[in-house]
Trainee: 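Before anything else, here's the structure in question.
Each chain gets a letter, A, B and so on, in the order the sequences are listed, and its residues count up from 1.
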Amino acid sequence: MPDLLDKIVSLAKQRGLIFQSSEIYGGMAAIYDYGPLGVELKRNVKERWWQAMVYQNDDVVGLDAAIMMHPEVWKASGHLDAFNDPMIDDRQSGHRYRADELIEEHAASLRSDGEDEEAARVEEQLAEARRADDPNEAFYDIIHEEEIRGPDSGAFDWTAVRNFNLMFASNYGPASDSTVYLRPETAQGIFVNFRNAQETARQHLPFGIAQIGKAFRNEIVARQFVFRTREFEQMEMQYFLKPGEEEDAFQRWKEKRMNWHVENGVRPERLRWHAHDQLSHYAVAAEDIQYQFPMGWKELEGLHSRTDFDLEQHEEHSGKKMSYYDPWEEERYTPYVVETSAGLDRTILMLLCDAYTEDEISGDERTVLQLHPELAPYRAAVFPLVKKEGMPERAHEIERDLRQHFNVMYDERGSMGKRYRRMDEAGTPFCITVDGQTMEDGTVTVRDRDTTEQDRVPAENVATYIFDASRGWTPDGA
RNA sequence: GCGGGGAUAGCUCAGCGGUAGAGCGUCACCUUCCCAAGGUGAGGGCCGCGGGUUCGAAUCCCGUUCCCCGCUCCA
């Protein structure tokens, strides 16, 4: 099944869904652009998420925070410290160590062997290395001169020493006088706006803040098409609540989030929950929604019970009160947070994988994207059966009417069969054809993408017909 | 980042020292009253990029960028 991903990459390129970034210059690793069809799919996914999260929950409000934030935010969140260390890899074991700690441990073991002078010399070198212009090279030299071996493998097979900066840094201000970071997650924009949103939206706890936006991470390994990219988009919601109520909220959002994916037409048997074995420092519970991608079960969306860690951190670092006063209970507390965080690009990839189908109609193979009609880039296509007898004009009229409701493609080129196949590959669920009978009684044929069957419908009812047929669509046509 | 494989037309690929090919797709015209392969024609590639070897490089060598497969964290 690994070639399914190859097929999807080809189709995505050919049909204008997803292109490699800066392709004409040789491309940028792990960054992708969404083409004319891809942007429609992406917008539809975002729209459905916003509908489900913000409009259908009276206790959730939206937010659109900036990508650049005060650098102190990332100190408070832990991102700055946790991901800025000199690291070295042992090629034998594949394990990664902090280069400076490796040297410290080496010195300590020398000392415990009674070689105090040697230990002191190494420690002196380490101190010098830390002050060096290129500390990483200096660390590397020490490790080599001292022949420090891999603690797990006992091997002497090191990579170079490198700093792993998770965050992209940039310069803020025309004089480039201070460093800012492109956010590695959208969540912090929500946390720092907790009080603003809560008071202005006149929300009481529990309530949530939802946001869709870009985030950036210098991933060490970035691969598998748009699954793991360095610039990506998240759909996140942080739900603030009274400590003690997190378990209920966690369960409630678990159910809602899984349902959302199923309602998008994703096959339920290819979705599952996966609980984390190890929890992050900020979480007391963490479970992922995984999808069975061609390359295996992979994380799509994370649910985390984050306690009051983030708000407490921001209260400490900013000196501003981040707690909430409950007017009924007459008590003040720092809210706990339950987070739902979905990867938009991963959702797109999942939808493409789930929708990609090769089947046979009357002996001919076809490729079809069986996307949920409400997600498909084009909801409908309009064709004149032949390019004469007034059919193109009539078809254009219908096209104009339908464009008031959704994105529509008009096509009169090639044979009918070719037009249907083109639309199958784009995932267009409905193809409307103006034929001889249309000119007589005003009815058109509506051809179903999944079954290829046709219904004859009065032209003025086509929009309603499409709305009805779109609602409650399932991949099996049930 | 490490190891392995690859990069030739929009897509899938052939060519592997002697001046660039196929299928599909795209475009134009014709045909066609409904499921890609009816006709005619057209456009499209300094063979990823840079350097070297050679009389001559898509083809051999080196570097680099990008892609794919394994090893690891996350949305």
Trainee: NA contact type, A:Leu344, heavy-atom cut-off 4.0 Å: base, sugar-phosphate, or nothing?
Mentor: nothing
Trainee: Side chains of A:Thr186 and A:Glu236: any donor to acceptor distance under 3.5 Å?
Mentor: yes
Trainee: Could you give the distance separating B:C55 and B:G15 at their C1' atoms, to the nearest angstrom?
Mentor: 23 Å
Trainee: If I pick the P atom on B:C60 and the same atom on B:C2, what distance separates them, to the nearest angstrom?
Mentor: 25 Å
Trainee: Is the count of non-hydrogen atoms from other residues, nucleotides or ligands lying under 6.0 Å from A:Met28 atom CE greater than 12?
Mentor: no
Trainee: Taking atom types as modelled and ignoring hydrogens, do the side chains of A:Glu399 and A:His396 form a donor-acceptor contact shorter than 3.5 angstrom?
Mentor: yes
Trainee: Would you mind classifying the nucleic acid contact of A:Glu231 as base, sugar-phosphate or nothing, using non-hydrogen atoms under 4.0 angstrom?
Mentor: nothing
Trainee: Both distances under 3.5 Å, Watson-Crick or G-U wobble: report the partner of B:C2, or none.
Mentor: B:G70
Trainee: Please measure how far the P atom in B:U53 lies from the corresponding atom in B:C62, and state the result in whole Å.
Mentor: 15 Å
Trainee: Side chain of A:His304, backbone of A:Arg306: donor and acceptor closer than 3.5 Å?
Mentor: no
Trainee: So which nucleotide does B:C55 pair with, by the Watson-Crick or G-U wobble rule with both distances under 3.5 Å?
Mentor: B:G18
Trainee: Any chance you could lay out the ring-ring contact (aromatic ring centres under 6.0 Å, His included) test for A:Phe19 and A:Tyr32, step after step, and finish with the verdict?
Mentor: CA-CA 6 Å; A:Phe19 309 123; A:Tyr32 291 89; over 10 Å; no
Trainee: Parallel, tilted or perpendicular, judged at 30° and 60°: which one describes the rings of A:Tyr55 and A:Trp50?
Mentor: perpendicular
Trainee: Find the distance A:Ile24:CD1 to B:G44:P and express it as a whole number of Å.
Mentor: 18 Å
Trainee: Starting at atom CZ of A:Phe293, determine the distance to atom P of B:C74, rounded to an integer number of angstrom.
Mentor: 16 Å
Trainee: Can you tell me how far P in B:C33 sits from the matching atom in B:U19, rounded to whole Å?
Mentor: 48 Å
Trainee: Under the salt bridge (charged side-chain N to carboxylate O under 4.0 Å, His left out) test against A:Arg257, which residue among A:Glu287, A:Glu339, A:Glu301 passes?
Mentor: A:Glu301
Trainee: Are the side chains of A:Leu241 and A:Pro335 in touch, meaning some heavy atoms are under 4.5 Å apart?
Mentor: no
Trainee: Which of these nucleotides, B:G25, B:C33, B:A75, is closest to any side-chain atom of A:Val386?
Mentor: B:C33
Trainee: Please work out if A:Phe227 contacts a base, only the sugar-phosphate, or nothing of the nucleic acid, heavy-atom cut-off 4.0 Å.
Mentor: base
Trainee: Which part of the nucleic acid does A:Phe19 contact within heavy-atom distance under 4.0 Å: base, sugar-phosphate only, or nothing?
Mentor: nothing
Trainee: Do A:Arg447's NZ or CZ and the ring of A:Tyr420 fall within the cation-pi criteria of under 6.0 Å and 45°?
Mentor: yes
Trainee: Remember a base hit wins even if backbone is also touched, and classify A:Glu23 as base, sugar-phosphate or nothing at under 4.0 Å, heavy atoms.
Mentor: nothing
Trainee: Within the 4.0 Å limit for protein heavy atoms, which parts of nucleotides 38-43 of chain B are touched? Write it as a string from 5' to 3', B for base, S for sugar-phosphate only, - for none.
Mentor: ------
Trainee: Is the NZ or CZ atom of A:Lys256 both under 6.0 Å from the centre of the six-membered ring of A:Trp253 and within 45° of that ring's axis?
Mentor: yes
Trainee: Want to settle it: does A:Glu365 or A:Tyr25 sit nearer the 5' end of RNA chain B, counting the closest nucleotide to each?
Mentor: A:Glu365
Trainee: B:C74 base to A:Arg346 side chain: any donor-acceptor pair below 3.5 Å?
Mentor: yes
Trainee: Report the distance from atom CG of A:Leu385 to atom C1' of B:U31, rounded to the nearest whole Å.
Mentor: 13 Å
Trainee: May I have the distance from A:Arg230 (atom CZ) to B:A75 (atom P), rounded to whole angstrom?
Mentor: 17 Å
Trainee: What's the CG-P distance between A:Asp6 and B:G6, to the nearest Å?
Mentor: 15 Å
Trainee: Answer yes or no: side-chain N or O of A:Arg217 and base N or O of B:A75 forming a donor-acceptor pair under 3.5 Å.
Mentor: yes
Trainee: Rounded off to whole Å, could you give me the NE2-to-C1' distance for the A:His79 and B:A75 pair?
Mentor: 11 Å
Trainee: From the set B:G25, B:C68, B:A75, return the single nucleotide nearest to any side-chain atom of A:Gln14.
Mentor: B:G25
Trainee: Suppose you measure atom P in B:G48 against the same atom in B:A14; what distance do you get, rounded to whole Å?
Mentor: 13 Å
Trainee: Could you identify the nucleotide paired to B:U40, looking across every strand shown and requiring Watson-Crick or G-U wobble geometry with both distances under 3.5 Å?
Mentor: B:A28
Trainee: Could you list by number each residue of residues 442-451 of chain A showing a heavy-atom separation from RNA chain B of less than 4.0 Å, or answer none if no residue does?
Mentor: A:Thr445, A:Arg447
Trainee: Ignoring the backbone of A:Arg413, work out which of B:A28, B:C35, B:A36 is nearest its side chain.
Mentor: B:A28
Trainee: Please report the distance, rounded to the nearest Å, between CD in A:Glu425 and P in B:C11.
Mentor: 14 Å
Trainee: Hey, is the side chain of A:Gln437 pairing donor to acceptor with the base of B:C33 inside 3.5 Å?
Mentor: no
Trainee: Within less than 4.0 Å of OP1 or OP2 of B:U12, is there a side-chain N or O belonging to A:Ser10?
Mentor: yes
Trainee: Base, sugar-phosphate, or nothing: which does A:Thr433 touch, judged by heavy atoms less than 4.0 Å apart?
Mentor: base
Trainee: With heavy atoms under 4.0 Å as the rule, sort A:Gly302 into base, sugar-phosphate or nothing.
Mentor: sugar-phosphate
Trainee: Quick one: A:Lys387 NZ to B:C30 C1', roughly how many Å, whole number?
Mentor: 9 Å
Trainee: Which part of the nucleic acid does A:Met235 contact within heavy-atom distance under 4.0 Å: base, sugar-phosphate only, or nothing?
Mentor: nothing
Trainee: If each of A:Lys13 and A:Glu301 is mapped to the nucleotide of RNA chain B with the nearest heavy atom, which maps nearer the 5' terminus, i.e. the 5' end?
Mentor: A:Lys13
Trainee: Between B:C34, B:C68, B:A75, which nucleotide gets closest to the side-chain atoms of A:Arg228?
Mentor: B:A75
Trainee: If we ignore hydrogens and angles and just use 3.5 Å, is the side chain of A:Arg421 paired with the main-chain N or O of A:Met416 as donor and acceptor?
Mentor: no
Trainee: OP1 or OP2 of B:A37 sitting under 4.0 Å from any side-chain N/O of A:Arg421?
Mentor: no
Trainee: At under 4.0 Å between heavy atoms, what does A:Thr452 touch on the DNA or RNA strands: base, sugar-phosphate, or nothing?
Mentor: base
Trainee: Given B:A75, is OP1 or OP2 found less than 4.0 Å from the side-chain N or O atoms of A:Thr229?
Mentor: no
Trainee: Among A:Leu63, A:Val337, A:Asp310, which one satisfies side-chain contact (heavy atoms from CB on, under 4.5 Å) with A:Ile190?
Mentor: A:Leu63
Trainee: Does any N or O donor sit under 3.5 Å from an N or O acceptor when you compare the side chain of A:Gln20 with the base of B:C67?
Mentor: no
Trainee: Quick check: A:Phe293 with A:Phe227 (ring centres under 6.0 Å apart)?
Mentor: yes
Trainee: Suppose you measure atom C1' in B:A9 against the same atom in B:A42; what distance do you get, rounded to whole Å?
Mentor: 15 Å
Trainee: If we require ring centres under 5.5 Å and near-parallel planes under 30°, does A:Phe232 stack on B:A75?
Mentor: yes
Trainee: Please state the C1' separation for the pair B:G51 and B:U65 - nearest whole angstrom.
Mentor: 15 Å
Trainee: Is the phosphate of B:U32 approached by A:Lys388 (side-chain N or O, under 4.0 Å from OP1 or OP2)?
Mentor: yes
Trainee: Ring centres under 6.0 Å, that's the criterion: do A:Trp297 and A:Tyr291 meet it?
Mentor: no
Trainee: Quote, to the nearest angstrom, the P distance that separates B:C68 from B:C11.
Mentor: 14 Å
